[in-house]
Amino acid sequence: MKWNHDTELFDLIRRDLYTAVVGDVLDTMGRTRQFLPPQIQPLREDFVIAGRAMPVLEADDAGGEGNRVSDALSQPFGLMLRALDDLRKNEIYLCGGASPTYALWGELMSTAARNRGATGAVVDGWSRDTRGILEMSFPVFSHGRYAQDQRPRGKVIDFRCSLQVGGVTVRPGDVVFGDLDGVVIVPRDVEGEVITRALEKAHGERKVYEAIKAGLGAQEAWDRFGIM
């Protein structure tokens with residue numbers, strides 16, 4: 001199946017794929033470290049996220065605000081507000097680098113991101129304002145719910161940069177796909193092959209499911225389809 005632009009691609013991913021099958025394909029291609037840490041989970045079980053990574057680097061900075069108006073890093077939240085305003089259609093705010101002691105995402109950030117056309121947020125840390133985020137159904141993946149604010153504790157120090165999250169390298173424009181089983185990163189240079197092969201494998205798995213449901217043994221199913 002082909003797609004003509006990113007909107008079609010991400011609609012296709014959300015509709016026909018799941019992270020397990022994408023991860024399996026990446027494994028067969030030697031890309032064996034593409035899942036973000038397992039504690040990064042959707043705030044709601046039905047949240048599915050697909051888009052291009054806009055990586056954001058956060059760092060701990062206890063009480064580091066200054067008075068130099070010209071120095072963005074001395075301001076509240078550092079470069080966070082600029083990062084939010086720089087989001088584009090079909091992008092995902094993907095933040096890492098901070099200690100897990102404060103929230104990296106909230107309702108106002110979700111509103112600002114949605115206004116820019118972003119399709120969700122993934123943070124290697126906590127999120128807050130959970131009721132508001134759930135009411136607006138904006139897909140957020142995080143460690144869970146925790147209200148402690150980032151302002152006196154951390155700052156965004158860079159964005160649209162390469163980012164390491166749990167041993168996974170995330171680059172600007174990589175495909176980010178998340179569902180109830182976690183978040184997988186598909187490097188941009190192999191995305192076409194990965195998605196095409198994942199669609200084929202998902203179709204094959206449906207055949208295997210129907211065969212096993214009808215009584216076919218597991219070994220026989222493997223011998224016939226080579227899928228399990």
Side-chain angles (χ1 to χ4, degrees), residues 1-3 6 8-43 45-57 90-97 119-125 139-144 161-213 216-228:
M1 185 176 293
K2 299 296 182 181
W3 50 91
D6 275 358
E8 286 186 0
L9 169 62
F10 299 130
D11 286 346
L12 178 66
I13 290 172
R14 284 188 290 263
R15 184 182 70 242
D16 293 341
L17 293 179
Y18 40 98
T19 57
V21 73
V22 173
D24 290 352
V25 169
L26 285 161
D27 282 347
T28 65
M29 296 171 63
R31 308 286 183 119
T32 57
R33 297 196 67 182
Q34 296 303 131
F35 271 96
L36 299 187
Q39 60 266 33
I40 300 177
Q41 291 288 316
L43 277 184
E45 289 190 354
D46 64 337
F47 278 166
V48 177
I49 196 168
R52 296 210 177 271
M54 201 274 267
V56 177
L57 177 60
N90 289 319
E91 287 192 329
I92 292 169
Y93 185 104
L94 198 156
C95 182
T119 58
V122 175
V123 296
D124 188 20
V140 172
F141 285 62
S142 71
H143 291 193
C161 55
S162 291
L163 187 66
Q164 286 282 325
V165 181
V168 181
T169 300
V170 185
R171 296 179 176 86
D174 285 348
V175 170
V176 181
F177 179 32
D179 60 17
L180 186 57
D181 287 331
V183 180
V184 64
I185 305 298
V186 181
R188 190 163 194 167
D189 63 330
V190 295
E191 67 180 45
E193 182 180 0
V194 171
I195 300 305
T196 298
R197 290 175 60 176
L199 289 166
E200 293 170 353
K201 189 173 191 294
H203 179 69
E205 286 187 352
R206 284 191 287 271
K207 287 184 176 181
V208 174
Y209 168 78
E210 293 299 333
I212 292 176
K213 184 179 178 182
L216 192 68
Q219 183 65 58
E220 188 176 356
W222 173 258
D223 292 342
R224 182 182 301 182
F225 299 102
I227 296 174
M228 183 58 63

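- Rounding to the nearest 0.5 Å gives a distance of 8.0 Å between CZ of F35 and CG of L26.
- Here the closest non-hydrogen pair linking F177 and A50 is CD1-CB, 4.3 Å.
- By the salt bridge (charged side-chain N to carboxylate O under 4.0 Å, His left out) test, D11 is found to be paired with R14, residues two or more places apart in sequence or in another chain being considered.
- The two residues L17 and A202 have their closest heavy-atom pair at CD2-CB, 4.2 Å.
- Within the structure, no pair that satisfies the salt bridge (Lys or Arg N to Asp or Glu O under 4.0 Å) test touches residues 171-183, not counting sequence neighbours.
- From I40, atom CD1 reaches atom CZ of F141 across 10.0 Å, with rounding to the nearest 0.5 Å.
- Listed here is the closest heavy atom pair of C161 and P55: O-CB, 3.0 Å.
- In this structure, the side chains of P42 and L180 come closer than 4.5 Å at one or more pairs of heavy atoms.
- In this structure E193 satisfies the salt bridge (charged side-chain N to carboxylate O under 4.0 Å, His left out) test together with R197, sequence neighbours excluded.
- Distance NZ/K2 to CG/L12: 11.5 Å, rounded to 0.5 Å.
- Between N90 and L9 there is no side-chain heavy-atom pair separated by less than 4.5 Å.
- The side-chain hydrogen bond (donor to acceptor under 3.5 Å, both in side chains) test applied to S142 returns S127, not counting sequence neighbours.
- Using a 4.5 Å heavy-atom cutoff, the side chains of Q34 and P187 are in contact.
- Applying the salt bridge (charged side-chain N to carboxylate O under 4.0 Å, His left out) rule to D6 yields the partners R52; only residues at least two apart in sequence or on another chain are considered.
- Atoms CD and CD1, from E191 and I13 in turn, are 8.0 Å apart once rounded to the nearest 0.5 Å.
- The side-chain heavy atoms of I185 and V175, taken from C-beta on, include no pair separated by under 4.5 Å.
- Here D27 pairs with nothing under the side-chain hydrogen bond (donor to acceptor under 3.5 Å, both in side chains) rule; sequence neighbours left out.
- Annotation: side chain of T196 is in contact with side chain of E200 (closest heavy-atom distance under 4.5 Å).
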Enumerate donor-acceptor pairs with a distance under 3.5 Å from any side-chain N or O in residues 163-170 to protein atoms, sequence neighbours excluded.
{"unit_1": "Q164", "atom_1": "NE2", "unit_2": "T169", "atom_2": "OG1", "d": "2.3"}

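- The shortest heavy-atom contact between V22 and A198 is CG2-CB, 4.1 Å.
- With sequence neighbours excluded, the residues forming a side-chain hydrogen bond (donor to acceptor under 3.5 Å, both in side chains) with D124 are H143, listed by chain and number.
- Every side-chain hydrogen bond (donor to acceptor under 3.5 Å, both in side chains) that E91 has, sequence neighbours left out, goes to R160.
- The distance from atom CG of L94 to atom CG of L57, rounded to the nearest 0.5 Å, is 11.5 Å.
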